[in-house]
Structure formats: structure tokens, C-alpha cells
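Worksheet for the structure shown next.
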Amino acid sequence: MPKKKGVPLIFERSVPGRRGYRLPKLDVPEVPVDELIPAEHLREKPAELPEVSEVEVMRHYTQLSRLNHGVDVGFYPLGSCTMKYNPRVNEDVAALPGLSTIHPYQPESSVQGALELMYNLGQHLAEISGLAAATLQPAAGAHGELTGLLVIKAYHKQRGEEHRTEIIIPDSAHGTNPASVAMVGYDVVEVPSDERGGVDVEALKRAVGPKTAGLMLTNPNTLGLFDENICDITAMVRQAGGLLYYDGANANAILGIVRPGDMGFDIVHYNLHKTFSTPHGGGGPGSGPIVVTEELAPFLPGPVVAKEGDRFFFTQPEKSIGRVQAFYGNFSVLVKAYAYILSHGSAGLREVSEVAVLNANYMMRRLQDVYYLPYDRACKHEFVLSGKWQKQYGVRTLDIAKRLLDYGVHAPTVYFPLNVEEALMIEPTETEPKSAIDEFIEAMRQIAQEAKEDPEQLKKAPQLTPVGRLDEAKAARRPVLRWQKTE
Amino acid sequence: MPKKKGVPLIFERSVPGRRGYRLPKLDVPEVPVDELIPAEHLREKPAELPEVSEVEVMRHYTQLSRLNHGVDVGFYPLGSCTMKYNPRVNEDVAALPGLSTIHPYQPESSVQGALELMYNLGQHLAEISGLAAATLQPAAGAHGELTGLLVIKAYHKQRGEEHRTEIIIPDSAHGTNPASVAMVGYDVVEVPSDERGGVDVEALKRAVGPKTAGLMLTNPNTLGLFDENICDITAMVRQAGGLLYYDGANANAILGIVRPGDMGFDIVHYNLHKTFSTPHGGGGPGSGPIVVTEELAPFLPGPVVAKEGDRFFFTQPEKSIGRVQAFYGNFSVLVKAYAYILSHGSAGLREVSEVAVLNANYMMRRLQDVYYLPYDRACKHEFVLSGKWQKQYGVRTLDIAKRLLDYGVHAPTVYFPLNVEEALMIEPTETEPKSAIDEFIEAMRQIAQEAKEDPEQLKKAPQLTPVGRLDEAKAARRPVLRWQKTE
Amino acid sequence: MRYIPLTDQEKQEMLEEIGVESVDELFEDIPSRMLLKEPLPLPAALSEAELIRHFQELAAKNVDLSQTVSFLGGGAYDHLIPSIIKHIAGRGEYLTAYTPYQAEISQGVLQSIFEFQGLIAELTGMEAANASIYDGATALAEAALMACAVTGRKKVLLPATLHPEWKEVAELYLKSQDLAVEYIPYDPRKGTLDPAALEKTEWSQFAGAVVQQPNFFGLLEEAAPVSQRIREQGGLFIMAVDAISLGLLKSPGELGADIAVGDGQSLGNTVSFGGPSLGFFATSGSKLIRRMPGRVVGETVDKEGRRGFVLTLQTREQHIRRERATSNICSNQALNAFISTIYLSVLGKKGFQDVAFQNLQKSNYFQQRLLEIGGLSLKFSAPSFREFVIRGDVDWEEMNLRLLEHGFIGGLPLKRFGFPQAALFAVTEARTKEEMDAFINVFRGLI
Amino acid sequence: MRYIPLTDQEKQEMLEEIGVESVDELFEDIPSRMLLKEPLPLPAALSEAELIRHFQELAAKNVDLSQTVSFLGGGAYDHLIPSIIKHIAGRGEYLTAYTPYQAEISQGVLQSIFEFQGLIAELTGMEAANASIYDGATALAEAALMACAVTGRKKVLLPATLHPEWKEVAELYLKSQDLAVEYIPYDPRKGTLDPAALEKTEWSQFAGAVVQQPNFFGLLEEAAPVSQRIREQGGLFIMAVDAISLGLLKSPGELGADIAVGDGQSLGNTVSFGGPSLGFFATSGSKLIRRMPGRVVGETVDKEGRRGFVLTLQTREQHIRRERATSNICSNQALNAFISTIYLSVLGKKGFQDVAFQNLQKSNYFQQRLLEIGGLSLKFSAPSFREFVIRGDVDWEEMNLRLLEHGFIGGLPLKRFGFPQAALFAVTEARTKEEMDAFINVFRGLI
Ligand SMILES: Cc1ncc(COP(=O)(O)O)c(C=O)c1O
Ligand SMILES: Cc1ncc(COP(=O)(O)O)c(C=O)c1O
């Protein structure tokens, strides 16, 4: 019986002398290379790139793609990641030559359309967040966090309050929050969650103080719960002289419903690749614009786009922290996010959040009898279950996740947030048809049944996938991180 | 254990009221429909099209695609079909708005680029075939055959030789040849093949006569063999007053090496979707231009493109048979074929055929010890094996074909040509890497081994495919040809 | 060369395995005096970058519909095309597959064809449809041939209001089999078939009668009387329908048609200078279904009872029946049919109705605006859908050249079809009010 | 709404299942005084057709590189992009996947990243590479941070000839952690780092020293002396390399680099107004490899011994180590890295060398043609690759506006970076001789 073969590495397909793409013949007189470049600069050994033909490249990556899940393939309820449908028309407009092949250093007069787009997107994000000014430069959510924290730092420095070195973060926070705090040289002060899943206000009270530079919060938080004490929380931090940073990765729950600015936040980052539906691309590119209050606007990294009359131009904010990457941001991601906003309009964006929340609550209610629900209250766009009831059968959340793969869906986020044992974090988004949601519920229920009746089956999962459960420990112990030519 | 689910029909995903694509709002004053169209013309029951969202359409057809083989997925040695690589740049140029969104009835001055392309393509095909004039109107190979036969008919008619009603066809001919003959009201006279696999010249001698309207021949023929007596054959038919039709589906063997015109043929059709690499698209669209001698040019269907000075224009050949489809042919297929010719040039086209032939001979030689080779001589771009050695183990060619699917390759053409028992017709084309060819050889050899040692395994094949061997008899007995709403 | 992977060393190895010295030896069976002595006189090979540049230059010599606002129709239409279509149809598994002969690894293509058949059956109100035919014109020709084959009669009635190019195709197909064509005349005032003529027709002689709906002039025909008469007399009633109009108009099924055919370009395919398009072909009743030309996909099961799809009823096809096949069609327009499948799926029941509705509304609006100009009139009085014929003392061909200078193309000048003072205007949902109003302004100045 | 499948009836069913009357109830935990009372003041929703039109209009307000012949570079380059790339990278399985957390159904993305790592390791001559970082500038900043973390030293040496925007990024990253930046000065005649300055540097104070090759001016730096000195003194040698130049120039590995970083836009990505691009990051030695920021994919096996790939060494990542992670990067530039993977695969060993070769030849040709004009000179004397700085008594910004009227854009005016009379010209393989000659003609007339 032949087994399904794996796909070889592209290097393993290489045959000496084989060619893929060829350039046009050189059309200028050729000069010997060593007349142009001293020999000491020249490479001794060419890079061992694969030697393959075009058809092999096409087949190789077509075959590989067929081993991969995607939103286009099926349900992808990965909590905190907002795996919604990525409209293809947005790819089309982003690929228009007038938007995809413009050079960042062209004269401003020759890129007025691009500047207009950036300007308008910044304005729209400001409206959506209830804040004043945006920078579109950060390349992803974590990059936005870094940028926001640098703004906080610059703000305190300017006020002579450099003793403020602590950022308060709840224990349910996404891992990038503390990591970003460390990146800017601040200290993390962690506060626990209370029994309703929100920030423990008493603990927060103890945590704030003269060293408080700010608070980073996701709201709804990574449990999918809206913090009912949000007014008290933001007030408390502000009173202590701290700034309020809103991690907008969960903004899909609140578009047009409540604005971070109105909750008392000073800085928001949006994950355009989540909330605004630009594709995740297997891990990027993203875009993590931040929006800030009027007061903080002068600190934004530059250049940002301004407008005078009909003319758009780049400008450097007065007290700018500098820049967080070369050029202006992940422009083509911005184009797609802008297209998404224009496709929805105000009522549409609100409906996005309403349906995202409706879908999550429906799923939560239909699963809570078979999986432990740690916080039994209305959730927002996502919710967290626990696999702890299944532990009695020796089944772990990882087994449940792997088993789901056999059902043709992606698993939820697992073991996160850290403050829920055996967590399963489920986010359906608004673009799932009810049939997909119901099928997922059915699969989850069946797996709960299997956990009782045939736990071994789950431990063997997945079995219908291109490879079985992979040995991660081995990978980490003796890392093989690349193909290597065997002589 | 969950089984891999099949993909539901798009109709089965429908939910009343769900919407996919929406039009812009009507921007002109609305008039009640029945003021514009009398009620008796209006549909009573709307068509029950599926009601699905965009994401579901995307997923549905993405999932379905993953059940399908293609040249992009792997080796596709389907004899007579020339499944070569389909360069993507050809898709790109065909999709240029200036070529894909021009209307057939635009003023000629506004489509000079399109006319130039058609004119040049016709010229190039004339050069490649060694003939004089082309029409690009036929939509596929069989359509080209029909057109060519109509030209033959018109020619004889004009000469007052309407008694010529027979077309001679060898027994190895593709099924469309006799079917096309019947379509034009001619009679088929079949001649057998000789022991070298060519036309039996003696039999041909007996077949020609005053009723002979012409001969249709593929050369190399469907056995992949070049007819060594081709001079005699064409001379014999010509002498009898018949015309010579060359089915160019196998032209991939002879580009730049030998021209049908030089063999003595009057009419050639090319399958642009084979020889000239335009994709087969799961069964079409193709394009089947025909090229004819100077003498036959006035009979071509019209309009054809002519040139005067720098200006290109449509014109109707003087004694044109009329037209074989609306407008001018499968234009975007023509664009791709033209791109293919320009990408190769003269030396490149010749190399195409050389390598196609080299690959086929290599495979033939490496398989002839395990499968019966009915004609042991150099083949051209394809060759035919027989599964008759395997019959002793109760294994049929169909089993071998199905087993190949388990090895991740497409099966060869089977049970064709009809004059070889248990035929397996194998065509590698020039775009296969040697590794793919060797893997196929290895699979075929292993299957020959399995046929001896474990024939039951083969009868159960395929097993690694999305579905197992399908019941064709059942499908034909009580045909279910469409989804039907169940009330 | 561009797409050939073989290296010289591999070539050498293979030649050795074969046991020849050179590739030339493999061609020794070709009589040497036939062999080409000179390279073919073709242009030099272009690299990819040069190729793209060359085609961009060719394309720039055309004025395409993204640069101009056009009211051309006459069988090829500028409809809106959902962006999702090309992303799906561009997937290699659809693009680079052959006809699905090995069903077990071709379920993607097979199921999509099965869905296409169902969608066309729904649109037309017929029981079954095939997997497509070259275009609307050849579909009609095949239908006419089938009517003759089924009835054994040797004459077909075509409507005088049929698309002139379709007439040519049908006549060619029929006459080559010594089958005769007669025409139902039309009422030159109304622009539709003349009811009086129906009375005089000897229906029993005809294998079938055809009505095109809307007809070439965009006008709505009274199909029922023809349907009734030909069927009463044992012939088949064949309707050639505009696909988009079926979102609004009575279906062939509702009108008692035996065969419904049409062109599917408007269902998501670009106009592409007239091709590739697709012809659809639908019929009812198991006798007729088994005689349909072209490929058909049917549902079945595998050994484990899983649903699957296969090419079926192939005894109708030339592969098996050779000269006794119902048609010679082999490659069809699969990818275009697939595009239409996606189109109909994403438009859906309501969306598809909306398209027809907007075509009606917009063409009516534009018609009114044109008539307001003065000096122009409707050539025919019958109600129309999407297209209508305007009469005026205008050289319409010359006019289009002048309009082009302003970025417009007007209607199709009917001079080439024998109506020197008339032009056929098509207005789809893709035309905006702004565009129409701008046209009127410019046109008013030129007329 | 556009992409929401739920029907009203389904909504109702779901609300019932939840046990609430309306969606609003699900938001009752939000303090009501915070709730938005008004709809957001955003433009009205556009249908797909309107959206496309709107973006076409926006795009038309830009002059793109298909309409103009440009010699701009400075970190973003107009290279030829094989057409196959977008067809592969557009496949939904790549486009719409998340970070491959569930390895068993993400082997496509995982293996392609593994290949990317191998390709970058080959290009740079380093032992291992990560899965990408935002761009070249942030990759360099991360490298500098890593050097400090590894060595425990608090100062980094940057070259004065580094891209000015990269300097800004590196300074921001470093200074926010109270790490200091010093610059190696350059020789204003040669345009490269001043060898004399190397003698005076206190190498042992620095966590690392950076050389950019070619430098911002397109000039080739003598990297070896810096490499030798910093490494002898226990610091890391970091090279910021131009990806394309590695087809010709000594690799960081050959020059003893500890870390190699660079920007990968030129490897198959469109310029796209400067983003998204990707940063690559490679290093050698297991100690450094384990401290690399960002994601890494490693090879492993499943229970049946089949090869498979997983995200590995995640203890470096913020998911697990939180504030003790080596970096905060989470989403990276996966799709751009994938594009570069396809690019490098299809170009291949020889093709990639050809690109570098043609860049060298064409930029040399163009440089000669410019110098022939008279009144212009090379600002620096060191040898260059693809880019070079021209000095002349010209207002280069104004000049570009005038050139634009003729369909050209000249070099990048260096006024914004402090060199008012200089412009940085980049010439890639995408520029033809014809284009260059035409530019010279026009330029000669304007100067
Ligand atoms: C809550 C939260 N914050 C921040 C991030 C980081 O965003 P990015 O991956 O774009 O850097 C994520 C992404 O997973 C997130 O879920
Ligand atoms: C030898 C031969 N002739 C004719 C044809 C018919 O070509 P088409 O399918 O384009 O109608 C084929 C296609 O299979 C063929 O192989």
C-alpha cells in the first residue's frame, strides 16, 4: 500500500543546471566584473539556491498549499486572532498598479491618491476609536504596542516624570503586552483577574502609584469579557498620573458600539489584520496603527499625513519619537483595511460587532453543558472554555484541539489565556455561516462524548491530517532549522 | 473515527434570504416592471439559485478544488492530451484589460492590437504547418475538424464533385474524427493499421476511389508512431482526387521538424490547448484553428483578418462556407497561444518537440520489460503500452490506471487507441522534470510487481483518493444529472 | 528553453538509456526529404519581461471597456463581474486539469459541472443540462440537429429575428447534413415574429421551431403560440434565451420548451473580443436527455456508499460511438461554465433577479433619455429587455468613431445587418446614470 | 451586510437559544453612559462595483511605476517580479492562514518558512535564519538589541553610512532601553567608512558593530577590518546587507558576521509605497540561534516517523516568556517572506547571480551615460553596486517634477538627508537600455 508521500523540500528538487525564470539578455555593453568591483568584495561561493524549473516551483507550492488550512478552506475559530473572511476585492484594489507600484520616495505631488487614502484611514480610525490622531507606521499589533509605549515614555519624559517606569497589565493579557513593555525598558506590574473575569479592582488599587507610567488593557479582554468596571479602572490609573493604553486586538466586539476614547483610553492600537479583515498571510504582514489623544499627537512617529486645502503632504509631528520602521507602514495592508471600512460604512461596522458577539454567545451557550465555562456571563466576540472536565478521562485540551483537526476545522486557541486552566479560546467572527458554527458545535460535542467513551482515540488524534501529531520536543531539543547541502 | 466528509453541493448550503454579491443601488428612477413588460412575459417562479454568502462560495470551491488533480498538482501523462505546463504569464497577458475587455463589435480602428495579434498568430501557424492561410474561429479540435471537413465539402462541391462522400480514417483515429465526418454528412471508410502501427497501405489502396473526398490522419498517430509511408499515403489519396486532412492534436511531436504541408496535407487543425500550452481548464475552452493551402483559403469561414499597409481589418473569404461560431473564435485562448509561440521562437519550438519525443522514448524503454509494448520502434511524443501481460493475474488496465491515482499521479489514457488491447497511452510532454518521469516509471514498475503478487490490492484501488472507485454503471442506469429541490 | 526542465546531462543519460546517440536518431523514421532544413521563420524568443512588455504594447493599441463607456451588445455584454470569480477560477486545479476522465481525482471539476447543470436547469426550468457547448450559436445549431435526429424530419424553422451570426452557424450546420432551414417572418413594425405567419406555417413538416428571447433586437417574442403549434404537430420547441433575462422573464420550461439553449458569456465571463464564451443546452424528458450532445456529469457512489460524480451517458459521445455519436464535441467550454457556476452561486436567487431588474430599469431610462434628444425614434414597438433599436438619420458607424474621441461607444450600427439607419443599444447594470447622462450630453452635441 | 451570512431568521433562532430578546442585551455589561449614541460619522457603505471604481479613482491620482521610468531606490527597488509569484502567493491557503499554531494542518506554511530560513541562510552564508521581521530597519534594530543582550554591553557602533531611516529606527529601539549608539565616521571623499577612525575606536566597549553593504550611497564598504576588530574584542559583528547584492558580493558568513540582517522587498515584492516588505535575520552558532528574535520553524517527525515541521524554540517568544522574551514580535511578514521564497526558488542559483550581475552592468552603463552629459560628477569614489550618488548644480527635487512631465523620475534627491546637490540613482535589471537612453536625452534637455 503506497502511503501519501510528503512533499520534498524545494532544495531536494534541485538539479544542477536547471533554470526557472530568466532575465532578458543584457542590453548594455558588458564590462568585466572585476573592472567594476575589486575582487576582494566578490563572493567566493555562490549561494546554493535550488535549481528548479517553473513548473516545479508551481507544483511544489501548489502541493504544499494543499497541506494547509486557511479561512478559505474552513472554519478557523482561533480566539484572539479574528479569523474572518478576507474579501478578495480588497486584494484586487490593493494590487492596482496605481497603489502597488508607487515608490515611497516619489514626489508628493505624484502620490496624492496614496496620501489621501492614508489620511482618510487615519481619520476613520480616529472616529472609530474616539481619539484624535493616528500613525499608520507600525507593522503589526505588537509593533503598535511598542510605539504606544514609546509615546507614553516620551510623554512622561517631557513632563519630567521619568520615575514612572511601571506598566500595569492584567494576568489575562496577551503575551506581546508584557514583552512590549520590556522592549521599552519599563517594568511589568501584573494584576490578577477577579471572579467575574475582569481586572481585580482592589489589586489594581494597590498596584497604581507614583511609579505608574500606564496601564495596558484589552477590553473585552482575552476571556472575551467586557470589563464592567472600566470607568473605575481608567479613572484610577489616570488619577495616579498614568496613561491608558488600549490593546485593540479585540476591537471586533465593539465597532460603532463603544469607543476606547470614551472608556477613558489615551492610546489604541488596531490590528488591521484582525478587525479590518486584511488577510493574516500565514503570519503576516499585519498593520498596527495607533490612535492617540490630541495631547499625545505631537509624540507620534513620523512622517504622518496632513492636509492643507486639497493637498496632502507628509509631516513630522513636533515632538515625534522618531520612526518605528523605514517608510510609512505596511501600505498595501492599509489599502485593504480602508476598503473594508468603505465596504461597511457605519451601520455595517456596527453589525459586524453585533453579529460577532451574537455568534460567540450562541456557541458558548450551546457548549457550556459539555465543557466547563469558567465565567458564566454574556461574552463578547469570543469566549473561553476549559477542558478541565475532560481531564478525569486523561484527556487534555491539546487532545481536544488535535481531534478537531480530524473534523476539518482549525482548533481554537489553547492554553491561553493563562488564567484559565486547560483553556480553549473560541472566536467565531461575524463572517461564519450558521451552518459552520453548528457543525463546529456538533464536533465539539462529539469530542466531549469521545473523551468519555474512547479517550485513546483522542490521544491518537489527529489521524486524517497530512501528518500525525508532531514531536515538538524533539524539534526544540536538537533544532534543525534549515536544509543543508549534503556533500 | 470521523471520516473525511464530502463537500456538500452549493445548493445544499443554501439558506433562504442569504446574500452573496450585491449590486450598487439602482441609480435611475424606478418604473414598475409591469409598465415595461406585459405580465404574460414575466417569470412565475424564480430560479432556485443557491442563497449563499461570499465566504461560503469561496470555501466551497476552494474545498472542491482540493479534490482535483491538475498539471499544477502533479504529473498528468494523459496520452493524446498534451498536458504540458501552462505558463502563468500567458494568463496575465490574456487578462490585460486591453485584451480581455474589448467588445467584438467595436470599430476596427479601436481594436487594431487584437487584429494584429490574430493576424500574426495565423501567419505563425501557417509557417509552422507549411500551409498558406488560417482561420482562428473554431473553438476546439473537433470544431476544427468539422470546419476542415466543411471546407473539403465546399471544395468538391465547387468542382462539381459532389459524388465524393467518403472520408478515409485509420482505425487508430481519435473518436472525434469519425464523429466530425458524420456531422458533415460524409461516410467513414475505416482502414486498418499495419504491423508497424502505420496505415495499411494495401488496404488504403483498396479504400481510395472516385467516392473519396479525403483522408483524415494524425501523424504521429495515436500510437505515437510516425507513419513511414506518409509520402505514399498522401500521394495515393491526392491521386484519387481526395484532399488530405491532418489532425494536428499530435503536433507536439514535430514542431520545427517536419511540416504537415510538406507531408502533403491540405488542411491542418491545431489544438492550441495542447500543443501551444493554453490550459485545458477542466475540459475547455480550447481553440482549434485550421490552416489550409492557398487553393482552399477562399473557403475558410469568416471573418478572417487581413492587412493592408499598417491597418488590420476583418474580411470574408470569397467563397466562405459561412461561420462556425458567433464572433471570431476563442480570442483569449489565441492570446495565450501567441504568447507561447513568442516565448519560444523557432529554436524553442523545435526543442519542445525534441524533448517531448526524448521523454517518451525514455519512458517507453524503461517500461517495456514489464508491460507489453505492441510496437517496438522509436516513438514520437507518446507511446502505447498494453496491459495484456497483467491479464493473467486478473488485473485489467483499468485497475492499473486506478492504482496510479494512489501514487499521486494521473493515469494515462486507457483503452485507446482501440486497435491495441488493454491500451495505456502515455504522453509525458516536454515540461516534465526527469524526476517526475522517473517517479512515474517507478510507480508503473511497482504496480506491475503488485499485479503479480497482490492483484486484489489493485482491484481495490484507488484508496488514497477523496472517493473510492465510483460506480459508473449506476450513474448511467438511472441518471441523476442535477440537484433537485426536495420539498 | 523557457519551460523545459531537462538539463544537458539528463538528456545525455536518457539518450544512453534509450540507446541512441542523439535526439535526431529518434526522428529517423521521418522521410528525410520532408524534414525541415531551415529554422521556422518566427520572431526570436522573448523573455518573460519582454513578453509582458510586448503584450502591453499590443493591448495599448486597443481601446478597452475600462477606458470607454460602451453601449454595445448584440450577443456580448459588459456586465458586472464579482471579483471573487477570478480568484477561484484561477486556482490551478481548475485551470490545469483535463476533462475529468479519472473521476476519483477529479471530484472538484465533476461536482462543479454537476452544479452547473443544476443551475442551468433551474434558470431554464428544464430537467437537465449538459456541461456546455462552444457558444450560444453552436448550441442552437446542435439543438436544431438534435430535433431532426429525434423526429426524423428534415426541416427546421428559425425565427427571422434570430441573431444574424447565429443564423449563419445554424444554416451551415444544418445544410451540411442536407437539412433545410425556413424562417418565420417578423412584423417590421413590432420587430417580433408575425402572428399571421404562424397561421400559414405547415408545422408538421418541421423537426423543430426556434424562438429567440429576447430576439436579436432586444424585443420580447410571444413564444407560447409557436411552442403550442410545433409541439402539437410533433416537432420540438427550441428556445434560445438570453441568460440574464431569465431573472425576470418566463423560462423555457414555463413555455413548454423541449430544448433551451443560450450563450453564457454574460454570466460572469469577460467579453474578451467575443470568446471564449459558453453555450448552454438544457432539455427535459429522459428520451431527449439521452440524446443531448456534449458531456454530462451524473451522481453515483463509491464502494463505501460515498457520493461521487462521474462523466456519464457517454454512449452519446464520440469516444465510444464514433461516427454514431450525437455530436462531435469533445473539449467544451468547461472553465467558462465554471465561471458561470461561481457567478450564479454568488449572485444567488435574489441577486440574479436584481441584475435582470436593473438591466430593465437602466435600459428604459437610457431609452427615454435618447428619445428626448429629438430626431430619434424606436424602430420597433414591442417591449424590450436590456437592448433596443434606435432609428435616426445618423451614420452610426461614423458616429461611433466620433464618440470614441470622447470616451464613448454608442450602440451597434445595424448597417452590417441590413438596417442602415438603426443602431442596437445595450444597457446593463454596469452602466451608471452618470455615464448615461454624460453620453447623452456628448451625443447631443454630435448628432 | 456585505460579508455577513446570517439571515434575520437565523439571528432570531440564535437569540432564542441564548435566551435574550435582542443583541443589545448582550452589550448590557457595557456601562450605558459610554455607549455610542450616534452612528460613527463614516462614509456610506459602497457596493463592490462602487468600491472598485472608488479605488481606481484614488489610484489614478498616483503616478505609478508602470507609467513612468524611475531611478529611485534608497531601500525600495523596482526589480522584475516573475509572474508565477502572485499566482502562487494568492492561493487562499497561504493568504488566509494564521501563524501555523496547529502544525498538522499547517504543513504548507511551515515547510515554506523552513525553506525560507534555508534560502536566507544560503544567501547570507549563516547557519540559521528566522521566519522574518517587519523590515530591514527593524531587523537591524533587533540585531543591535540582541548584541547588547548577548554581550551585556550597553553601546552599539553604527556606520555613518547607514540608511538614515534605519538609523532613526535603531536609535529609537536602542535608546528606549538606555542603550547608546555611536557612529563610525566615513570618508567624505570615498563615501565609505573611514579606516583611520577604526584605529581610534574602543572596540571592547561595544556590544556590536554594524556595517551596511552596500551602504546607503550604494558603495561597497571594507567590512573585514570592522569584523575582525569587533569580534576580537568580544562584540558581535552585524552586517546589514542588500539582498540582491548577495548574488555577487561576499556574504556576511564569508566576512565572519555573527548576525546578518537585511530587507527582502527586492526579492519579489512590489515596492508598494514602501510596505509591506520583510526583514530577514540570520545568525550562526547555537547560542546566538537560540536568542534570535521572532519565529523559527524546525524539522521534526510524527509518530510514524514522517517528516514534519513545527514552530520551535518558542521559549524565545513572548507567548511563553512574556516580558522575558527576546523580542515582542508576533505577527511578522510571513506572506512577503513566502513571496521571497518563491522568488529565490524560481530565480535559482544561476538566475539570482544574473540579477546581481545585470544590476551591476546596467548601473555602470547608466552612470557612464550620466557622466557624459557634463556638469555632473560622482560624489564618492568607492566602487558601487546598483546605486550611486551624482553631484551636480541641480535642484534635484524640482528636476524630478520636470522629469515627471516626460514620464521619468530621476534619482532620490539627497537634500532631505543633508546633501543638497546630490541625488542617489538606482538602476536595476528592470531598466532597459532604451529607457536609460531616453532618460539621458530628456535629462540633457532639462539640465
Ligand atoms: C490581544 C492581542 N494583543 C496583541 C496581539 C499582537 O498582534 P500582532 O500579532 O499583530 O503583533 C495579538 C495577536 O495575537 C492579540 O491577540
Ligand atoms: C487526436 C485528437 N484529435 C482530436 C481531438 C479533439 O480535440 P478537442 O477536444 O479540442 O475537440 C483530440 C482531443 O482529445 C485528439 O486527441
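So that the names make sense, note that chain A is the first sequence line, chain B the second, and so on, each numbered from 1.
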### Query
Do the side chain of A:K84 and the main chain of A:T275 share a donor and acceptor less than 3.5 angstrom apart?
yes
### Task
For chain A, find which of B:T431, B:N86, B:T62 contributes the most heavy-atom pairs closer than 4.5 angstrom.
B:T62
### Query
Between B:K460 and B:D406, is there a salt bridge with N-O shorter than 4.0 Å?
no
### Query
Taking A:R18, A:H60, A:R59 one by one, which has the highest count of heavy-atom pairs under 4.5 Å against chain B?
A:R59
### Query
Looking at A:R13 and A:E56, does any basic side-chain N land under 4.0 Å from a carboxylate oxygen?
no
## Note on the structure
Of the listed B:K434, B:Q63, B:E54, the one with the largest count of heavy-atom pairs under 4.5 Å with chain A is B:E54
## Note on the structure
Ranking B:N68, B:D454, B:V15 by heavy-atom pairs under 4.5 Å to chain A gives rank one to B:N68
### Message
For A:Y76 and A:H69, I'd like to know if the aromatic rings sit close, meaning centre-to-centre distance below 6.0 Å.
### Response
yes
### Query
Would you call the rings of A:W483 and A:F11 parallel, tilted or perpendicular, where under 30° means parallel and over 60° means perpendicular?
parallel
#### Entry: Pick from A:G74, A:A443, A:A461, A:S53 with the largest number of heavy-atom pairs that fall under 4.5 Å of chain B
A:G74
### Task
Please flag which part of A:A436 lies under 4.5 Å from any non-hydrogen atom of chain B: side chain, backbone, both or neither.
side chain
### Message
Over 60° means perpendicular and under 30° means parallel, so tell me whether A:H273 and A:H280 are parallel, tilted or perpendicular.
### Response
perpendicular
### Task
Please flag which part of A:E12 lies under 4.5 Å from any non-hydrogen atom of chain B: side chain, backbone, both or neither.
neither
### Task
Counting only heavy atoms closer than 4.5 Å, note whether B:V52 contacts chain A via side chain, backbone, both or neither.
neither
